[in-house]
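Throughout, a chain's letter reflects where its sequence line sits, starting with A, and its residues are numbered from 1. Computed from a predicted model, the values in this text were never measured in an experiment.
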Amino acid sequence: GDSVTQMEGPVTLSEEAFLTINCTYTATGYPSLFWYVQYPGEGLQLLLKATKADDKGSNKGFEATYRKETTSFHLEKGSVQVSDSAVYFCAFKPGGSYIPTFGRGTSLIVHP
Amino acid sequence: EAGVTQFPSHSVIEKGQTVTLRCDPISGHDNLYWYRRVMGKEIKFLLHFVKESKQDESGMPNNRFLAERTGGTYSTLKVQPAELEDSGVYFCASSPGAGGSYEQYFGPGTRLTVT
């Protein structure tokens, strides 16, 4: 069935380090892909999205590229900050659906 | 504009007790969704309201869960009687527009612990 697999955490980095959080999906058709972020004490927020193959979503220095050939949507940031510490969820919506399918979430901890 | 709010933020109850979670969507949002994240696992869809009507309740785990949205404003999710496996974080989300195709705005969640 449809599913999202993302790397397990926690991911612990020093400030200014490079971040990659891997995400792959299994879905039929042409889904839209998303990254959500949950900061401590807050709700999930949409971080970025991509709706078709080779699209690159970007926001707040984060980027992810929709790779249909590898069914992946890896999240990257060149230089993380302490304020990026949060839980990151990869998700997709199959075409015609409004309900996202989420991964398990990856906790990111950034130390000064 | 106020975001989606949920109450309580944390609830600890004993197995067999009843708990009611509340969600206040963003004002004017017709669509309201409930999700659940069991510890360390995926966030799973529970159900979707359009105004006061249940549009899709395919994710509700069993009949111990009852969701209502009287008047099409806030919603409640009651668990009766609670079991240990019901522990997790319950998220609510809302979106405007018809058909649920707009971006969903999530609340901070209610952490439910059943002991």
Side-chain angles (χ1 to χ4, degrees), chain A residues 1-11 21-27 29-52 57 59 73 85-109, chain B residues 1-10 21-26 29-50 54-60 75 88-111:
Chain A
D2 293 351
S3 66
V4 175
T5 302
Q6 59 183 107
M7 62 190 291
E8 290 192 24
V11 173
I21 300 179
N22 291 336
C23 171
T24 57
Y25 65 91
T26 301
Y30 302 95
S32 295
L33 305 178
F34 305 84
W35 277 99
Y36 287 82
V37 58
Q38 185 182 22
Y39 298 104
E42 300 183 16
L44 273 77
Q45 302 172 23
L46 179 62
L47 179 61
L48 53 84
K49 67 179 180 182
T51 57
K52 62 182 187 295
N59 185 23
F73 194 53
S85 298
V87 182
Y88 293 81
F89 293 89
C90 185
F92 73 86
K93 282 191 207 177
S97 172
Y98 51 83
I99 303 298
T101 296
F102 289 92
R104 295 190 172 198
T106 301
S107 175
L108 171 65
I109 301 168
Chain B
E1 179 183 275
V4 177
T5 57
Q6 295 187 242
F7 183 82
S9 57
H10 193 179
L21 314 180
R22 173 171 170 143
C23 169
D24 286 78
I26 293 172
H29 282 193
D30 287 342
N31 297 282
L32 187 150
Y33 312 82
W34 283 98
Y35 295 83
R36 175 174 73 172
R37 185 188 187 209
V38 172
M39 183 60 68
K41 296 192 180 289
E42 301 87 351
I43 299 172
K44 294 283 195 182
F45 166 76
L46 296 178
L47 88 160
H48 169 212
F49 284 98
V50 177
K54 291 176 185 174
Q55 180 78 7
D56 181 353
E57 52 185 328
S58 60
M60 294 287 266
S75 174
V89 180
Y90 289 77
F91 292 100
C92 175
S94 70
S95 70
S101 59
Y102 292 79
E103 177 183 344
Q104 297 178 23
Y105 295 84
F106 285 79
T110 292
R111 181 175 296 278

Checklist entry - Hey, is the main chain of Y98(A) close enough, under 3.5 Å, to the side chain of Q104(B) for a donor-acceptor pair? => result yes
Checklist entry - Does OH in Y39(A) sit with more than 12 non-hydrogen atoms of other residues, nucleotides or ligands closer than 6.0 Å? => result yes
Item to check | By ring pair (Phe, Tyr, Trp, His ring centres under 6.0 Å) - contacts of Y105(B) (at least two apart) | outcome: H29(B)
Checklist entry - If you round to the nearest 0.5 Å, how far is NZ of K44(B) from CD1 of I99(A)? => result 13.0 Å
Checklist outcome for this item: Closest heavy-atom pair, G41(A) versus P108(B), reported as atoms and distance to 0.1 Å, is O-CB, 3.8 Å
Checklist entry - Counting only heavy atoms not in K54(B), do more than 12 sit closer than 6.0 Å to its NZ atom? => result yes
Next on the checklist: With a 4.5 angstrom heavy-atom cut-off, is it the side chain or the backbone of Q6(A) that approaches chain B, or both, or neither?
Outcome noted: neither
Next on the checklist: Under the rule for salt bridge (Lys or Arg N to Asp or Glu O under 4.0 Å), what residues qualify as partners of R37(B), not counting sequence neighbours?
Outcome noted: none
Next on the checklist: Angle between ring planes, Y35(B) versus F102(A), binned at 30° and 60°: parallel, tilted or perpendicular?
Outcome noted: perpendicular
Next on the checklist: Is it the case that atom CD in E8(A) sees more than 12 heavy atoms from other parts of the structure closer than 6.0 Å?
Outcome noted: no
Item to check | Y36(A), part contacting chain B, at a heavy-atom distance under 4.5 Å | outcome: side chain
Next on the checklist: Please classify the contact between F89(A) and chain B as side chain, backbone, both or neither, with a heavy-atom cut-off of under 4.5 Å.
Outcome noted: side chain
